[in-house]
Amino acid sequence: MIIDFHTHAFSDKIVEKAMGSLTQTSGIKPYTNGTISGLLEHMDKCGVDKSVVLPIATKPSQQKIINSWAQEIMSDRIYPFGSVHPDAKDACDELVQIKKSGLYGVKLHPDYQNFFADDEKAYPIYEKCEKLGLPVLFHAGYDPLSPDKVHGKPKAFAQVHKDFPKLTIILAHLGGMYRWEQVERYIAGTDGEIYLDVSFTSGEIGQKILERIIQKHGTDRILMASDCPWDSPANEISMIKKLDISEDDKEKILYKNAARLLKLQLSQ
């Protein structure tokens, strides 16, 4: 069993425009065409059983449209999160609808949504998610959209965790893309419901710091993730399988931790 906790796809109405824009911004050739069918095809190719899909509301007006689409794509293989925008006046009301609809959590992207992770304007969202029991998955660290301004720094996430200790926080890119020394200092080993996904880290992170962070934080709170279509899950799967840890710990990272967060009943 393998669960990819960090993937992206788009509705057929916007996929061409979205993929074109993101490809130009990132300079990365995608592994899929950006559709759900393309994602499923690549999952089959890589041996991935289930994927979490993470839409992002880049404008307040997109919330309801995106969350409605997320509900439509839900299946026994696709586990979508919803999204809200910190500048939306009805963000907290929309979180209630996300919970009622059965979506599995909330994706926030500080760079694309133009807020700093520890900005108090986002605190009502964190507070509401904490009360509703909705996990929040953040983009963390560098993003090519704003290369000179990191909106989600490890130290800021440590403060959010301190202020909302019961909130389940999932930090993409092992806690902070290209900010792994800060992750090791401020995040790794922190008690509580704060998880690190390994999306887009294969070939980017040094082996020694990768292993130090995982050892310090514990394999119970590390999640297999790829950032597909911008990376292939095959790369992160291979990276995990090469780690000098037990087979049981590898299984925790590859699917058991994700299954617990998603509240899945697995036969294995």
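Just so it is clear, the values below take in all heavy atoms, side chains as well, and ignore hydrogens, waters and symmetry mates. A quick note: this is a predicted structure, and the numbers were derived from the prediction, not measured.
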So, for [X] and [Y], which heavy atoms are closest and what is the spacing to 0.1 Å?
X	Y	answer
Cys129	Leu95	SG-CD2, 3.7 Å
Gln113	Val84	NE2-O, 2.8 Å
Ile187	Ala158	CD1-N, 3.7 Å
Lys50	Leu264	CD-CD1, 3.9 Å
Asp111	Ser146	OD1-OG, 2.8 Å

Where the side chain of His139 meets the backbone of His151, is there a donor-acceptor pair that is under 3.5 Å apart? no
Side chain to side chain contact (heavy atoms under 4.5 Å, CB included) between Asp163 and Tyr126, intermediate numbers included: CA-CA 9 Å; Asp163 292 339; Tyr126 305 157; over 6 Å; no
Begin with the C-alpha distance, continue with both residues' side-chain angles, and end with the deciding distance and a verdict on ring-ring contact (aromatic ring centres under 6.0 Å, His included) for Phe157 and Tyr186. CA-CA 9 Å; Phe157 290 122; Tyr186 295 111; over 10 Å; no
Distance-only side-chain donor-acceptor flag, [X] / [Y], under 3.5 Å:
X	Y	answer
Ser226	Asp231	no
Thr35	Asn33	yes
Gln62	Thr58	yes
Tyr255	Asp49	no
Asn67	Gln71	no

Before accepting this row, confirm whether a basic side-chain N of the pair [X]/[Y] lies closer than 4.0 Å to the acidic partner's carboxylate O.
X	Y	answer
Arg185	Glu181	no
Asp44	Arg77	yes
Lys256	Asp220	no
Lys121	Asp87	yes

May I ask you to check whether Tyr104 and Phe81 place their ring centers less than 6.0 Å from one another? no
Identify, with sequence neighbours excluded, every residue that meets salt bridge (Lys or Arg N to Asp or Glu O under 4.0 Å) alongside Arg212. Glu184
Under the salt bridge (Lys or Arg N to Asp or Glu O under 4.0 Å) rule, collect the residues that match up with Lys59, sequence neighbours excluded. none
Report the residues that fulfil side chain to side chain contact (heavy atoms under 4.5 Å, CB included) with Ala225, sequence neighbours left out, ordered by chain and then residue number. Asp4, Phe5, His6, Asp197, Ser199
Residues two or more places apart in sequence or in another chain: which of them pass side chain to side chain contact (heavy atoms under 4.5 Å, CB included) with Thr219? Ile214, Ile245, Asp249, Lys252, Ile253
Under the criterion side chain to side chain contact (heavy atoms under 4.5 Å, CB included), I'd like the reasoning laid out for Leu137 against Tyr195: C-alpha separation, chi angles, the key distance, then a yes or no. CA-CA 9 Å; Leu137 193 153; Tyr195 294 76; over 6 Å; no
Audit row: Val53, Leu39, side chain to side chain contact (heavy atoms under 4.5 Å, CB included) steps and yes/no: CA-CA 10 Å; Val53 173; Leu39 173 61; 3.7 Å; yes
Hits for side chain to side chain donor-acceptor pair (under 3.5 Å) against Gln63, two or more places apart or cross-chain, chain-then-number order -> Asp90
Cut-off 3.5 Å, no hydrogens considered: what does the side-chain donor-acceptor table look like for residues 10-24, sequence neighbours left out?
| unit_1 | atom_1 | unit_2 | atom_2 | d |
| --- | --- | --- | --- | --- |
| Thr23 | OG1 | Met19 | O | 2.7 |

Check this for me: Gln215, atom CD, are more than 12 non-hydrogen atoms of other residues, nucleotides or ligands nearer than 6.0 Å? no
Can you tell which of Ile169, Ile213, Ile170 makes a side-chain contact (heavy atoms from CB on, under 4.5 Å) with Leu196? Ile213
Classify the ring geometry of Tyr142 against Tyr178: parallel below 30°, tilted from 30° to 60°, perpendicular beyond 60°. tilted
